[in-house]
Structures are given as structure tokens and as C-alpha cells.
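Chain A is the first sequence line, chain B the second, and so forth, proteins listed ahead of strands; every chain is numbered from 1. No experiment lies behind these values; they were computed from the predicted model shown.
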There are 2 protein chains.
Amino acid sequence: MTAERDGAKRSRGRRVTQREIADIVGVSSATVSYAFNGTPGVSEDVRQRILTVAKDLGFRPNRTAQGLRRGRMNMIGLLLADIANPFYPELSSGVINAASAHGSQVFLAQVGLGGMLQAEAARNLVDRGCDGLVFTSVVDGDTELLRELQAADTPFVYANRRVDAIPADWVHVDDFAASREAAEWVVRSGRLQVAVIGGPSESSVSHDRARGALAALGAAGLSPVDERLIDGELSRDSGRERCAALLDSGAAVDAIVCGNDMIALGVMDVCHARGVLIPEDVAIVGFDDMSFASAGPLQLSTVTVPRQLMGERAVAMLFDRIDGYDGPPREECLPHQLRIRATTGPRTAGPTDQRGTA
Amino acid sequence: MTAERDGAKRSRGRRVTQREIADIVGVSSATVSYAFNGTPGVSEDVRQRILTVAKDLGFRPNRTAQGLRRGRMNMIGLLLADIANPFYPELSSGVINAASAHGSQVFLAQVGLGGMLQAEAARNLVDRGCDGLVFTSVVDGDTELLRELQAADTPFVYANRRVDAIPADWVHVDDFAASREAAEWVVRSGRLQVAVIGGPSESSVSHDRARGALAALGAAGLSPVDERLIDGELSRDSGRERCAALLDSGAAVDAIVCGNDMIALGVMDVCHARGVLIPEDVAIVGFDDMSFASAGPLQLSTVTVPRQLMGERAVAMLFDRIDGYDGPPREECLPHQLRIRATTGPRTAGPTDQRGTA
DNA sequence: CGATTGGCCTTAATCGATTAAGGAGGTGTC
DNA sequence: GACACCTCCTTAATCGATTAAGGCCAATCG
């Protein structure tokens, strides 16, 4: 008798359909559909009766059925390497909000890291009917997938990283220039023994950042402390490991240019643990300006990347494609900003020669 | 003639269907479906021919059609307040990976913050066919929505926050006890003028944390410095504002217990800017142990919350429901850990009476 | 007054898969 | 020879919406 009992009785997901509304109002289901879509040719009286009944019954359209019929699901896929890396949440936030403003929602896939491979995840998203994809973590190995998507005419954009071999819409910052500026600053402030601890070379972004730093060093007639440290992961752990290896090697270092702020965090962990003073002994510069970089006592010098905006612009470009734009791939370069804080302050000690005795 | 030309010619999303495979192999589409699903009753010969043709044509099943017919989309919805708040990405990562292990993918909805209202977002996810929902940021105002979901028998779980009035599966930590422990530590180390800068009282988690801290103070015969500061947002900005207000008020303070690490970050920003020494003048304790809390020079005392695990357990409980478990709501309390670092070190100065002249 | 015109609905096909029910052809049994 | 019984397919309904095409009726026109 009660609503509770009814609720318990129906099987899960038993939802009101247009057909039921049609039966109650006494019209055909087509009319109900027309009423909801505002299609002309439904009298105001009937429309009102339909809407009233729908409301009473708590009708909600089945988006799956709509999607099947209309061939468009109004959703986009977002692929990222590791949502726990603080770079991505803000980018994602931009993507989600911009998509929402376009009436779409976002399907999230985490690739690598216990998740699926990128290609598998991307195909899955397409199978589910995503109208387009935003790639934030492509690597060169994804070439085949991207080719496949282009062949099938599935819209996608690169946010941040890109694959050179597959031209497509791309939103990014000038990583090369930004990294060069950061390294230049370090060099100009008198550091001579500069180490570069970068990200994976298969990522275009990390690659560009490393090249930028090396270009600055080269222009000053310097070369990096230990070339083998350049390539690695963009994680705090990897920063720790490589910084420890660097200090252990006994090489003289008075500055470390990091591929991102997470690496810088790991580097600072090790320096802190070993009593290496920042910036007195070693200057440190990160990349991305993650929220913690400006934290009270931390004050990491870094490069600001407009991550939220990057997500928003990526979605804007993607919707252009989804809505039919068919021109050549476009590239949008967002402004970055060198943010000098305390970790690149004046150098007061001689080149450090800590032997990593900590 | 070329594959390129064919590709350009077909309209977007023109994908191979079972029907086309059936026509080529010379069987009915039903047989094709049976072949893919491993349903008995298809000869090995025919099955092989079907699979071969499917592979050649790059067939992929349309998950939307499958979902419509099967009534299950194999996806879950994840609702969160602000993906840029570092609490959520790690929780999300746990959710995504656990869902992936169950063969499901995750739909993400950001509520508030330029996104939709929670109820709107949740209904949207259900309309799209999500098999269940994970709520991470419910507030008391969502009661009606939750009731509606229960009436429709839509499975959902609370991760972290909960709404008392609507019992449902819930994964959390003992925020009350953890916060009490944190405050006790501060009190035991000799601080007498303790301020509590918490989160929104409409969040069960913030509410419990605030109660825990107050309980510790009460047990020591103390009361918080300024009760009006307890309620606010869980953001760095809010931490800044309230800390500034606190210092401006001229009240004597020698410890600040924060509702989470973001607030603590804002508090540290202000202290740093005004020359208030941590921990000499003011001890600070956060909550959540976000990655930056342990950063080199930062060393924020806080409480560790197993966020990734929380996401995984939430999904496990959710899938129990999706798979038919129909018992009473279950509650899972995960272990927390008080993490004492440098910001709660010994107090060396008298109670601060900075007038905020910075 | 018969024909045309519009307004308002209905019929039925369709999206791409799943699946119950049924049929054709061969084998086995008595 | 008849009947049951497999094995392997096919037919057709179905999920819940959308939408082209067509029907009915009253109003309008020459």
C-alpha cells in the first residue's frame, strides 16, 4: 500500500518510460517524445498534461536509449596517467566544468598505474559512445591508437602532451621556452654546476622541458651535471631517488632544475634529510607551480602553468570538432610565468660536495 | 580507393555492426551475437569465421546498445565537490582502479564550483545508466536526493562523508577520535590558547573533526579561542582568511587545529607572511596528510587518512550492492594515524599577541 | 459545395545489440 | 518407418527513445 512497499517490489532501475506516460495521458509515445523535445505540432493542452504526468511519476529520459537513437551521448572521455599527480586534477576540473557548460559530462579513465593501457581505455570510451576524447598523457607508443581514431573520424585533442607524428588539435604551454627561462635564471644567478632531473623522454612535454634547460646551459657554455639523471618519472619518489644518486655520486652541484614540482618535492626531501641547504648550497627550480609550491616555508621557484584554463581550452577545441569543424589541426599556446621564490635565492656556500653521509 | 578516402567518406562514428558481419559471413545477426558472448550452440567453424571477419573489420560492440538491452552499463558514478582539492584525486584513484578491476568505468561529476548541484549531477548519472554511485561530498541538503535513490533502489555508498538521516553503506575514518588525538597532542605539549579552524558544519566529517578537537580541549578544561572560526570552507583561502581574522582580533593563540591540510596551508601562509614562528609561537596541526604535508621544509603535523584505500573499499561495498547484496547498511572504519612532524614542536615563545601588522 | 490547407496525432521504422522460441536437418532407437 | 532428440541456426520481440511519413478533422477558399 505504501510507497515504500512499491519501491521494494519493483526491480532495480524500474523507471518510468515515455510509453507509460503516453498510456496514462491517452496519446501515442511519439507525442510524448515531441512534447519533451519541444517539437512543434503538439497542442498546449496535451503538452501540459504530458508534462504534469511526467512530473508526478518522476519521469526521467533514458539517456542510453536517447544516445543510441541520436548517435550522440553528450559525453566526452578524459584520459590521464595518474589523477593523484596534482597536475591533473586542476586540468580535469577545467575539462569537467567546460564540458558541463556544453551540456556534456566526463568519463574518466586512468591509464597505466593499475588501470588499463591507454589504447584499451580509449577504445572503451569510444565504445561507450563518447563524442570525443581529451588526451593528457599520450606517449609515442600510442601512435597506432591515434591513427585508428583519426581513421574513424573520432574527434580528440591533446592537452599538454602531444604525439609529434600524429598532428591534432593541441593546447599547451611553451615548455621549451619556459624551461629555458627557468634554467637561465639559475645560471644568471651564478650557479655553474647545474643538474637536470626531468621526466620521461617519451613524453613530449618532458622532452621539451629538458631541451629547454639544456639550451640555457649550452648558451652559457655549461653542460648538465649528470646526463643520465635527465630521464625518469615525474614523481616525488623518482625525484628522491635521482637526487640521492646525484649526491651519492659525489659530483659537485649547486642547482637542480626539475621536470616538475613533484620531482622538486622529492629533491627537497633528500636535501632536507641530508642537511643540504636550499638555496644556500643548492638552488632548486620546479615546474607547474602546484599549490604546495607557494606553501608558507616551502617557497619553491617554479613555472606557472594555467592548468584549469588548459582543460577549458582543450574542451573548447574538442567541441569545435564535435560540432563539425573540419579544418587543419590547431595549436593553442597558453601563457606561462616564471615564478621566482626562495629556492633559487642567492648562493652563499661554495659548490657543495656532500658525500651523502645522511 | 584508399582506406583514407573511405574513412573520409563515411560519416563520423560509422562503425561496423554485428549485422554487417552477419551479412558477410552469411549467418543471422543473432548467431554473431551468440558467437561473441560464448553462448553455446554455435559451431566452431562458424564461430571462427565470425571472429575473423570481426577482427578484419575492426568490429567493436556498441556498449550503448548493449547497455540498453542488458539494463546494465557497467559503469559507476563518482561525485565529488572539488577534484582540485588534493583529498579527492587519491580517493578517486582508488575508485577508478577498483572499478576497473570489476570491469567497470567511472563517470565523474564535480558538484558545486561551477559544476552542477549534487542532486542534478546524481540524477544525470543515473539517467545515463550508472549501476551505482559513490558520494564523497554529501551534505545534509542532499537528503531528498538520497531518499529518492533509495526509493528507486539505486545502489550508492558514502565515502568519507555521510548524511546521518539516510543510513547507507559508508567507508570512513574515525574523524572524531583522530581529531581528538591531534588536539590532545597539542594540549599535552603545553599549548593553552588553542584555536580550531574547521570545515563546513554541514559536512559530517568536518562536524566530527570539530567535535573531536573540542572534546580534547574540554577534557583539559580549555575552550577554543574563537568559536566563530570553527565553521568555514576546507580551502586554503578560507584558512588564510580565518587565520588573518584570528591574528587581527588580537586574541592570544599558541596553537591552531585545522579541519584539513588545505586550511593548515592557508594558516601557514599567513603566519609566514606575518613573521609568526611555527612552532615556536604557534603550533599547527592539519588533517589528511596530503602529499605536501611531509614536504622538505614544511613538515606539517597531521592525521593520515588512507584515501586510496577508502576509494577501493567504497567500490567494493558498492559492487556488493550492485551484485545483489540486500542486507542492512554496513559501515567500514579505516585506520588513521597521527603523524607528528615539526609544526607541533616545542613552544618557546610566550603566547603570541601579534596585532597583524604585516 | 468540393478542394485545399493546417493543426495535431498516430503508425511504424530505426538505433545495435540480446535472447526466448522455433525450425531444419541429421542421428539414434525400437 | 516413426518418433524422439540433438545440434546449429533463424525469426522476431525487446530495451526506450527519436523521427519520417501519413491520417483525420475542422477551417478556409474559390
Atom CZ of B:R60 and atom P of C:dG16 are separated, to the nearest Å, by 16 Å

Looking only at C:dT19, D:dC9, C:dG16, the nucleotide nearest the B:V42 side chain is D:dC9

Of D:dT10, C:dT10, C:dG16, the nucleotide closest to the side chain of B:A30 is D:dT10

From CD of B:E44 across to P of D:dC8 the rounded distance in Å is 10 Å

Next item on the list: Using a 4.0 Å heavy-atom cut-off across all strands, classify A:P61 as base, sugar-phosphate, or nothing.
Entry: sugar-phosphate

note: A:R69, atom CZ; D:dT14, atom P; distance rounded to Å ~ 19 Å

Per nearest nucleotide of DNA chain D, the residue lying toward the 5' end, A:Q18 or A:Y34, is A:Q18

Within 45° of the ring axis of A:F135 and under 6.0 Å from its six-membered ring centre, is that where the NZ or CZ of A:R161 lies? no

Ranking B:T64 and B:T31 by the position along DNA chain C of their nearest nucleotide, the one closer to 5' is B:T64

Over 60° means perpendicular and under 30° means parallel, so tell me whether B:Y158 and B:F156 are parallel, tilted or perpendicular.
perpendicular

**Q.** Sugar-phosphate only, base, or nothing, as touched by B:S28 at under 4.0 Å among non-hydrogen atoms
**A.** base

_Pair B:Y88, B:S137: side-chain N/O donor-acceptor within cut-off below 3.5 Å_ = yes

### Task
Check every strand shown and say whether A:V32 touches a base, only sugar-phosphate, or nothing at a heavy-atom separation below 4.0 Å.
nothing

Notebook entry, point to check: Charged N to carboxylate O below 4.0 Å: is that the case for A:D320 and A:R313?
Noted result: no

B:E20 CD to C:dC15 C1', in whole Å, measures 13 Å

Picking from D:dG16, C:dG16, C:dT19, the nucleotide nearest the side-chain atoms of B:A65 would be C:dG16

May I ask you to test the B:R63-B:Q66 pair for a side-chain heavy-atom distance under 4.5 Å?
-> yes

In whole angstroms, the gap separating C1' of C:dC15 from CG of A:D127 amounts to 16 Å

task = Have a look at B:F59 and say if it touches a base, only the backbone sugar-phosphate, or nothing, with a 4.0 Å heavy-atom cut-off.
result = sugar-phosphate

Whole-Å distance, B:D23 CG to C:dG16 C1', equals 13 Å

The nucleotide from C:dC9, D:dA12, D:dT18 with an atom nearest the side chain of A:S33 is D:dT18

Is the Lys NZ or Arg CZ of B:R330 less than 6.0 Å from the centre of B:Y325's six-membered ring, within 45° of the axis? yes

- Item | B:R19 side chain near C:dG16 phosphate (N/O to OP1/OP2, under 4.0 Å) | no

A:N37 CG to D:dA20 C1', in whole Å, measures 15 Å

Of the listed D:dT18, C:dC15, D:dC8, the closest approach to the B:S43 side chain comes from D:dC8

Between CZ of A:R63 and C1' of D:dT18 the distance, given in whole Å, is 14 Å

### Query
C:dT18 phosphate, OP1 or OP2: any side-chain N/O from B:Q66 under 4.0 angstrom?
yes

